[in-house]
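Convention: sequence-line order gives letters A, B, ...; per-chain numbering from 1.
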There are 2 protein chains.
Amino acid sequence: MNQSTSGIAPPSKKQIEAQSAVFKALGHPARLCMVHALGQGERCVCDLRDLVDLDMSTVSKHLAVLRNAGVVSGEKRGNWMFYRLRLPCVAGFLDCLQKHL
Amino acid sequence: MNQSTSGIAPPSKKQIEAQSAVFKALGHPARLCMVHALGQGERCVCDLRDLVDLDMSTVSKHLAVLRNAGVVSGEKRGNWMFYRLRLPCVAGFLDCLQKHL
DNA sequence: TTGCTATTTGGCAAAATAGCCAAATAGAAA
DNA sequence: TTTCTATTTGGCTATTTTGCCAAATAGCAA
């Protein structure tokens, strides 16, 4: 037999999809590493490439995943593309993880 | 040419791995759905199975992913296995996502 | 214009993940 | 003991993800 269920409404399927896309985007070591760096300010793709030591095209695709999930945003200035963190809550959550893991 | 880099020490590779395991665990609609439910209190596997409508064995494997990442913990009482949320910061982060997505 | 630099996109093979069924396990009940 | 119930594990295929190379794109410089 099952437990009785709570009366609080769960998030919609759309919300769950959007939220899990954010988590999925952060759920890769290279992407999380880049997000950590972006937490300290904007970076160009070349900086992030040096950080994670992957092919430039791979880094670009990782950034596309983060962009599509709404985690970061990019702005082109001259030849460079600068990325910045778009979700303010990420930094605080990372701090909390640091403590509890 | 690259930007100048900050002097703040980045997290260790081990920390990055542990943190991205948490995000990866949360980065699946069914698992996130279950975590939402667990945010309101412990649930047995059968309750979670009803929630996400997947095979019992699939639910069990999803819970193993969450357990291995440190997101939830399980306790057996009688025939039932009860899972509960182990990371207090998840609920607050989900609230923040709700606002900013 | 041509050339150079930074980034993105297409395509492919390798690796990881998801979900099912069947079988194993553990504990309660008869 | 045997049986039933809840959960986990093994194994398998289908799907998704990752990361490289090559090619395309965009903007600056000459």
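- Taking atom CD of B:E42 as the reference point, atom P of D:dT7 lies 12 Å away to the nearest angstrom.
- The residue B:R31 sits close only to the backbone: its heavy atoms come under 4.0 Å of sugar-phosphate atoms, none of a base.
- Scanning both residues, A:R67 and A:S73, for their nearest heavy atoms gives CG-CA, 4.4 Å.
- B:Q15 contributes a side-chain N or O that, together with a main-chain N or O of B:S12, makes up a donor-acceptor pair within less than 3.5 Å.
- Computed from C1' positions of five pairs at each end, the angle between the two local axes of the helix from C:dT1-D:dA30 to C:dA30-D:dT1 equals 20°, rounded to 10 degrees.
- Side-chain contact check for A:L38 versus A:R84: every heavy-atom pair is 4.5 Å or farther apart.
- The separation between B:F82 atom CZ and C:dG27 atom P is 15 Å, rounded to whole Å.
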Where protein sits on nucleotides 24-30 of chain D, one letter per nucleotide: B base, S sugar-phosphate only, - none, heavy atoms under 4.0 Å: --SBS--

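- Relative orientation of the A:H62 and A:H28 rings is tilted, given thresholds of 30° and 60° on the angle between their planes.
- Rounded to whole Å, atom C1' of D:dT18 lies 12 Å from atom CE of A:M34.
- Remark: the backbone N or O of B:K24 is paired with a side-chain donor or acceptor of B:R31 at under 3.5 angstrom.
- Under the 4.5 Å side-chain criterion, counting only non-hydrogen atoms from C-beta, A:C44 is not in contact with A:M81.
- Rounded to whole angstrom, the span from the CG atom of A:L54 across to the P atom of C:dA15 amounts to 16 Å.
- Under the 4.5 Å side-chain heavy-atom criterion for grouping Ile, Leu, Val, Met, Phe, Trp and Tyr, A:V45 is not connected to A:W80 through any hydrophobic cluster.
- Listed pair A:H28 / D:dG19 meets the phosphate criterion, a side-chain N or O lying under 4.0 Å from OP1 or OP2.
- At least one test fails for A:R43 against the ring of A:Y83: distance under 6.0 Å to the centre or angle within 45° of the axis.
- For the pair A:S20 (side chain) and A:I16 (backbone), a donor-acceptor distance under 3.5 Å is present.
- Side-chain contact check for B:Q19 versus A:Q98: some heavy-atom pair is nearer than 4.5 Å.
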Nucleotide-resolved protein contact map, nucleotides 8-14 of chain C, B/S/- at heavy-atom distance under 4.0 Å: BBBB---

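- Taking every heavy atom of both residues into account, A:L32 and A:L26 meet most closely at CB-O, 3.6 Å.
- Between B:H62 and C:dG19 there is a side-chain polar atom (N or O) within less than 4.0 angstrom of OP1 or OP2.
- Atom CZ of A:R49 and atom C1' of C:dA6 are 12 Å apart (whole Å).
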